[in-house]
Protein chains: 2
Amino acid sequence: MTTGTDAPRRTRIQQEKRELILEAALEVFSTNGFRGSTIDQIAEAAGMSKPNLLYYFRRKEDIHETLMQRLLDTWLAPLRELDDIGDPLTELRSYIRRKLEMARDFPRESRLFANEILQGAPRIMPLLAGELKTLVDEKAVVIKGWMRAGKIARTDPWHLIFSIWATTQHYADFDVQVRAVLGPNRGGDGRFEDAARFLEQLFLDGLKPKG
Amino acid sequence: MTTGTDAPRRTRIQQEKRELILEAALEVFSTNGFRGSTIDQIAEAAGMSKPNLLYYFRRKEDIHETLMQRLLDTWLAPLRELDDIGDPLTELRSYIRRKLEMARDFPRESRLFANEILQGAPRIMPLLAGELKTLVDEKAVVIKGWMRAGKIARTDPWHLIFSIWATTQHYADFDVQVRAVLGPNRGGDGRFEDAARFLEQLFLDGLKPKG
DNA sequence: CTAACGTTTGTCCAATCGGTCAAAATTTGC
DNA sequence: GCAAATTTTGACCGATTGGACAAACGTTAG
């Protein structure tokens with residue numbers, strides 16, 4: 001009731017232009033943060049005038065809000081897919097791989113999310129303590145089951161999920177640093193394959209020598 | 001020559017007030033980002049008027065620059081300490097522990113750094129490709145030596161360092177999310193001990209069951 | 001006391017910001 | 001073609017921003 005009608009009933013032009021604006025806003029917001037971005041920047045990136053943009057989104061915050069709502073769904077999709085069918089280690093390995101692919105293919109989304117969290121998540125705090133916590137708690141139960149069954153080592157499921165998030169999203173959020181440190185040779189397109197190989201080994205075997 | 005005199009020759013009051021301003025600016029910048037922070041906010045946090053603040057730092061950027069320069073040194077100190085003396089696994093374990101303690105004790109510094117990197121590191125890019133890369137390459141050689149000696153498993157030293165950075169700084173940069181997901185019970189002060197235990201196990205043994 | 005120096009503040013400014021509005025241009029339904 | 005509805009724009013507004021500046025304040029050495 002508070003967020004307007006369920007069926008926005010938009011024209012074809014409205015849908016296209018709104019999509020154009022959201023795409024431009026993702027680019028601008030993810031690199032400058034919310035307060036660091038201006039409506040003019042977004043309008044220019046979308047190829048339209050500022051008043052024209054404000055015809056489709058009345059306030060700057062509306063753009064950001066729409067962007068965040070869409071983002072969370074796609075962003076949590078890989079975790080939702082983590083299921084009890086199949087081998088646990090394989091399941092976890094493919095979750096890590098999927099998350100790393102998202103960091104590679106959707107770095108702007110990752111940075112937008114990181115920006116929001118860094119600043120204390122003022123706009124999505126309820127979602128974190130609600131929807132997100134519920135989902136993670138749910139998956140923690142699944143993982144605990146695997147531990148009880150002796151399929152994976154006993155450890156803390158919540159921190160395990162955190163570590164997967166941290167290591168994979170690092171390649172999107174800290175991409176500049178990763179490329180700078182790896183240098184021109186190793187910092188090229190192959191860095192994600194290297195990361196995938198490393199992470200797989202880390203999460204499966206750790207660092208202790210085989211002997 | 002381009003950065004003025006080597007000895008700024010400041011009075012006692014100047015040193016104290018500059019320190020006060022930097023402390024206030026760390027608080028403000030780390031929570032709002034550079035563009036999201038105003039001189040007025042920093043001045044108020046430092047308990048002085050805006051023109052008075054501008055008497056000690058002529059431009060907003062000067063405060064940020066001074067802050068970043070100091071930050072990098074202390075931030076990289078744990079990695080510098082990573083040495084060839086002592087047992088490799090112990091050495092790595094204590095590096096992880098030190099980094100996690102820094103995330104716990106200096107979260108504002110971590111967020112300030114994360115903010116800068118997220119936005120493409122416009123102000124410290126030369127440092128990343130220079131000083132930072134040199135240091136990491138140096139330590140990568142040390143780690144490679146451990147691998148050749150059979151002391152730790154063979155893997156990519158650079159990505160190993162990335163994963164330590166990512167997992168430890170996650171508890172500072174994404175603190176709001178961590179606390180929200182862990183909930184009121186487990187999200188209290190004990191979360192860093194839990195994280196330390198988990199990370200130690202992850203980096204040493206991975207997830208494969210012991211059997 | 002007073003001159004010199006370092007410190008603090010009130011006032012002001014130009015630029016930029018998010019957002020409004022009425023009018024013009026365009027598309028759409030008939 | 002034409003009228004209604006939709007889309008686009010130029011001009012504008014008040015608020016906020018980073019920063020300048022001169023005057024005032026305080027302190028200290030002589």
Side-chain angles (χ1 to χ4, degrees), chain A residues 4-5 7-68 112 115-116 119 122-123, chain B residues 4-5 7-68 112 115-116 119 122-123:
Chain A
T5 58
R9 191 75 66 185
R10 304 193 210 285
T11 69
R12 185 184 50 84
I13 290 187
Q14 274 174 342
Q15 282 185 2
E16 288 175 3
K17 292 296 173 91
R18 283 175 64 94
E19 224 51 48
L20 205 71
I21 292 170
L22 288 173
E23 157 67 24
L26 175 60
E27 184 71 29
V28 176
F29 279 145
S30 66
T31 56
N32 301 110
F34 181 75
R35 283 211 52 184
S37 306
T38 70
I39 298 184
D40 286 288
Q41 285 176 335
I42 301 174
E44 193 192 339
M48 62 180 71
S49 64
K50 179 169 68 171
N52 195 12
L53 182 148
L54 286 167
Y55 170 72
Y56 294 103
F57 290 91
R58 306 176 75 141
R59 297 180 310 144
K60 182 184 171 186
E61 263 202 314
D62 290 348
I63 311 176
H64 191 263
E65 196 182 316
T66 307
L67 225 39
M68 292 298 295
L112 180 67
N115 250 312
E116 176 71 10
Q119 321 229 327
R123 293 164 237 275
Chain B
T5 58
R9 191 74 69 187
R10 305 192 210 286
T11 69
R12 186 182 49 84
I13 290 187
Q14 274 175 343
Q15 282 184 2
E16 288 174 3
K17 291 297 174 87
R18 283 175 63 95
E19 224 52 47
L20 204 71
I21 292 169
L22 288 173
E23 158 66 25
L26 174 60
E27 184 70 30
V28 176
F29 278 146
S30 66
T31 56
N32 302 109
F34 180 75
R35 285 211 52 186
S37 306
T38 70
I39 300 184
D40 286 286
Q41 284 176 335
I42 301 173
E44 193 192 340
M48 62 180 69
S49 64
K50 180 169 68 172
N52 195 11
L53 181 148
L54 286 168
Y55 170 73
Y56 294 102
F57 290 91
R58 306 176 74 145
R59 297 179 309 142
K60 182 184 171 186
E61 262 204 312
D62 291 349
I63 311 176
H64 191 263
E65 196 183 315
T66 307
L67 225 39
M68 291 299 296
L112 180 66
N115 250 312
E116 176 71 10
Q119 323 228 327
R123 293 163 237 276

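All heavy atoms count here, side chains included; hydrogens, waters and symmetry mates do not. Lettering follows sequence order; numbering is per chain, from 1.
- Whole-Å rounding puts the B:L53 CG to C:dT7 P distance at 14 Å.
- The separation between B:Q41 atom CD and D:dT16 atom P is 12 Å, rounded to whole Å.
- Among the nucleotides C:dG10, D:dT8, D:dG19, the one closest to any side-chain atom of B:K60 is D:dG19.
- A residue-by-residue look at A:Y55 and A:P51 shows that A:Y55 has its nearest nucleotide of DNA chain D further toward the 5' end.
- Checked for salt-bridge contact, B:R123 and B:E61 meet the test: a charged N lies under 4.0 Å from a carboxylate O.
- When every heavy atom of B:V28 is checked against every heavy atom of B:A45, the shortest pair comes out as CG2-CB, 4.2 Å.
- A:F57 has its CZ atom 15 Å from the C1' atom of D:dT7, to the nearest Å.
- Heavy atoms of A:Y56 sit under 4.0 angstrom from primed sugar atoms or phosphate atoms, though from no base atom.
- For the pair A:S49 and D:dT9, the criterion of a side-chain N or O lying under 4.0 Å from OP1 or OP2 is met.
- Residue-level contact check: B:I39 touches the backbone only, with heavy atoms under 4.0 Å from sugar-phosphate atoms and none from bases.
- Summarising the geometry, the separation between CG on A:N32 and C1' on C:dG18 is reported as 16 Å, rounded to the nearest angstrom.
- Atom CG of A:D40 and atom C1' of D:dT16 are 15 Å apart (whole Å).
- Note: CE (B:M48) to C1' (C:dG10) measures 17 Å, nearest angstrom.
- Closest to the side chain of A:K50, from the set C:dG19, D:dG10, C:dT7, is C:dG19.
- Remark: the backbone N or O of B:R35 is not paired with any side-chain donor or acceptor of A:R35 at under 3.5 angstrom.
- Between the CG atom of B:N52 and the P atom of D:dG18 there is a distance of 17 Å, rounded to whole Å.
- Note on A:Q14: a side-chain N or O is less than 4.0 Å away from OP1 or OP2 of D:dT7.
- Between B:I42 and B:I21, the shortest heavy-atom distance links the atoms CG2-O, 4.1 Å.
- In this structure, the side chains of A:L20 and A:Y56 stay at 4.5 Å or more apart for every pair of heavy atoms.
- Spacing between atom CZ of A:R35 and atom C1' of D:dT17 amounts to 9 Å, rounded to whole angstrom units.
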